[in-house]
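To keep things clear, I will list the structure first and then write my remarks on it.
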Protein chains: 2
Amino acid sequence: MNQEYSGGGDPAKSLELLWGLQARPTRGPKPALTVERIVDAATRIADAEGLAAMSMRRVADELGVGAMTLYRYVPGKGELLDVMLDSAYAELPLREVTGDWRKKLDEVARENRELYLRHPWMLYVATSRPPLGPGVMAKYEWELAAVEGIGLTDVEMDAAVALVNGYVHGAVRSAIDAKQVIQSSGITDKEWWEAHEPLLEKIGDAQKFPIASRVGTTVGQEFEAAYDSEHGFEFGLARVLDGIAALLADR
Amino acid sequence: MNQEYSGGGDPAKSLELLWGLQARPTRGPKPALTVERIVDAATRIADAEGLAAMSMRRVADELGVGAMTLYRYVPGKGELLDVMLDSAYAELPLREVTGDWRKKLDEVARENRELYLRHPWMLYVATSRPPLGPGVMAKYEWELAAVEGIGLTDVEMDAAVALVNGYVHGAVRSAIDAKQVIQSSGITDKEWWEAHEPLLEKIGDAQKFPIASRVGTTVGQEFEAAYDSEHGFEFGLARVLDGIAALLADR
DNA sequence: CCTCACTGAGTACGCTGTACGAGGTAACCG
DNA sequence: CGGTTACCTCGTACAGCGTACTCAGTGAGG
């Protein structure tokens, strides 16, 4: 059972950390750590072993210090996650894309997807109103720029970007969850459906749920054939972009 | 900081529970509990106090038994969550809707939305390949029926339903997260932006992130005016359905 | 009526985040 | 230069978690 966390740090404290607003005191011994080193270590652990493995003690071990030492640099685990998230978003290349809005939004979706695949733990941290760190701000600006000046209101621009981001988030999460289920259980989707066909038949599956059993079987087989998540992602993204295009065409 | 859980129960064991496949032994004392009573109690707690409050001890207290007693009925917390999820999905009315696919999918989205609003904890349980209990199967069948016979392949039908479901999931989760942030911090979005304007200005916000600061301010104000999540939901749903419509029009 | 499968639950283990406080270190001030 | 004082490190402790183990009590089948 995977534990998941929402950042949930005190927003004000997170902000101070994110923008490096703490006055470096002169008295006393030099700090052995920096917030950055802590964030890097924590991210390394979360990348390799998942969010559940990223405990304060584990991070401290990784850095060769006591667990409580971390609390000199970070108010708590929630704030640490906030900073981790912002740092990860700062990895986005934010390339300037030439072309129309659709090409730009496509790029936005793809870059976000790759970021999530690189840092799967991000998908399990609640990100509603994320702390406005430099990484998140830059990302938001970049994404809005894709739909700037195409005839949307400000609110619609925000909604369009949120729609694309939300889609990518959900799609990648589904793909990763599915992969993890396969890895942890050693059972592919196809095998799953086949193994439970007798059970479902006994229940009266085919009669009660004719469409579901037909579609489920087909989907299981297609996914087996490595047709897989790549195509599923493309399908959904195309629909989302088509939806935005339809809105623009109405104008 | 909220903990969250993925169902993650042993799929085989969850299935047995879901379909009630356990052979009721005759020897020994009558069981004092049923899986159903446990699921109901757990759901009640999760509804009222959130997923984090739903610990095994808490559920046991609610039922007036020892914590370990629950393990006589349920293999573990993961499987319990699986069953809770399936039971909750079984609450969907699954009304037969007359009309075209769009009207039907719209109904699917709305019913799912209300279910999530009634049981917010569902949004924080990972649901990829949820255990195929009776509730989930019936829901899947109902949703697929909305897009049956309109010219989509089986894989596309699954993808379309997943797209709508994913959208609703993300949208409702965002709305609930936002509401919780406001409740727990007592700060509205507008106040948030206003309170941090000096900070962001000092950073060089307006110069570095012109679009973001403009759109962010506007969105904050609109949301303040209770324009709010309802309209945001409608906008996104309309785009998603438009996207599917565009696909059908191409044929 | 005896037997024994089954139920209930107390105790305990290892894990979590983090509050508290003791003890060491280094820069400032007189 | 010596004392003060702010700061850093981290051992200990606490409440809470999921759950493995174990043992006593129960009640129906033979």
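Everything quoted here is computed from the prediction, not taken from an experiment. Side chains are part of it too, since the values below use all heavy atoms of this structure and drop only hydrogens, waters and symmetry mates. To find a chain, count down the sequence lines: A is the first, B the second, and so on, and within it residues start at 1.
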Q. Reckon B:Y73 has a side-chain N or O less than 4.0 Å from the OP1 or OP2 of C:dT7?
A.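 It does not, given that no N or O in the side chain of B:Y73 lies less than 4.0 Å from OP1 or OP2 of C:dT7.
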Q.
At under 4.0 Å between heavy atoms, how does the protein contact nucleotides 20-30 of chain D? Give one character per nucleotide, 5' to 3', with B, S or -.
A. BB---BBSSS-
**Q.** salt bridge (charged side-chain N to carboxylate O under 4.0 Å, His left out) involving A:E111 - partner list, sequence neighbours excluded
**A.**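 In terms of salt bridge (charged side-chain N to carboxylate O under 4.0 Å, His left out), with neighbours along the sequence ignored, A:E111 is linked to A:R95.
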Q. Going by heavy atoms in the side chains, are A:L123 and A:I176 under 4.5 Å from each other?
A.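 They are in contact (side-chain heavy atoms under 4.5 Å apart), so the answer is yes.
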Distance in angstrom units between [X] [atom1] and [N] [atom2], rounded:
{"X": "A:M56", "N": "D:dC17", "atom1": "CE", "atom2": "C1'", "value": "18 Å"}
{"X": "B:D61", "N": "C:dG8", "atom1": "CG", "atom2": "P", "value": "16 Å"}
{"X": "A:I38", "N": "C:dT18", "atom1": "CD1", "atom2": "P", "value": "13 Å"}
{"X": "A:L51", "N": "C:dC15", "atom1": "CG", "atom2": "P", "value": "19 Å"}
{"X": "A:K77", "N": "D:dG16", "atom1": "NZ", "atom2": "P", "value": "19 Å"}
{"X": "A:M54", "N": "C:dG17", "atom1": "CE", "atom2": "C1'", "value": "11 Å"}
{"X": "B:E79", "N": "D:dT19", "atom1": "CD", "atom2": "C1'", "value": "12 Å"}

Q. Considering only side-chain heavy atoms of B:T69, which listed nucleotide, D:dT19, D:dT9, C:dA9, is closest?
A.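 That would be C:dA9.
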Q. D:dG18, D:dC10, D:dA13: which one has an atom nearest the side-chain heavy atoms of B:S55?
A.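 Nucleotide nearest to B:S55's side chain: D:dG18.
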(Q) Ignoring hydrogens and geometry beyond distance, is the side chain of B:R57 in donor-acceptor contact with the base of D:dG16 at under 3.5 Å? (A)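 It does not, because no donor-acceptor pair links the side chain of B:R57 to the base of D:dG16 below 3.5 Å.
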Q | Base C:dT16 paired with A:R58 side chain (donor-acceptor, <3.5 Å) | A |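 No such pair is found, so the answer is no.
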(Q) Taking the ring of B:F233 and the ring of B:Y167, is the distance between their centroids below 6.0 Å? (A)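 B:Y167 vs B:F233: aromatic centres under 6.0 Å.
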Q: Ignoring hydrogens and angles, tell me if any N or O in the side chain of A:E141 forms a donor-acceptor pair with the backbone of B:A212 under 3.5 Å.
A: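 Indeed, once roles are kept as given, a pair shorter than 3.5 Å links the two residues.
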Q.
Heavy atoms only, 4.0 Å cut-off, all strands: where does B:A32 land among base, sugar-phosphate and nothing?
A.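 Sugar-phosphate, no base atom in range.
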Is it true that [X] and [Y] make a salt bridge, defined as a side-chain N closer than 4.0 Å to a carboxylate O?
{"X": "B:D40", "Y": "B:R44", "value": "no"}
{"X": "A:E62", "Y": "A:R58", "value": "yes"}
{"X": "B:R173", "Y": "B:D177", "value": "yes"}

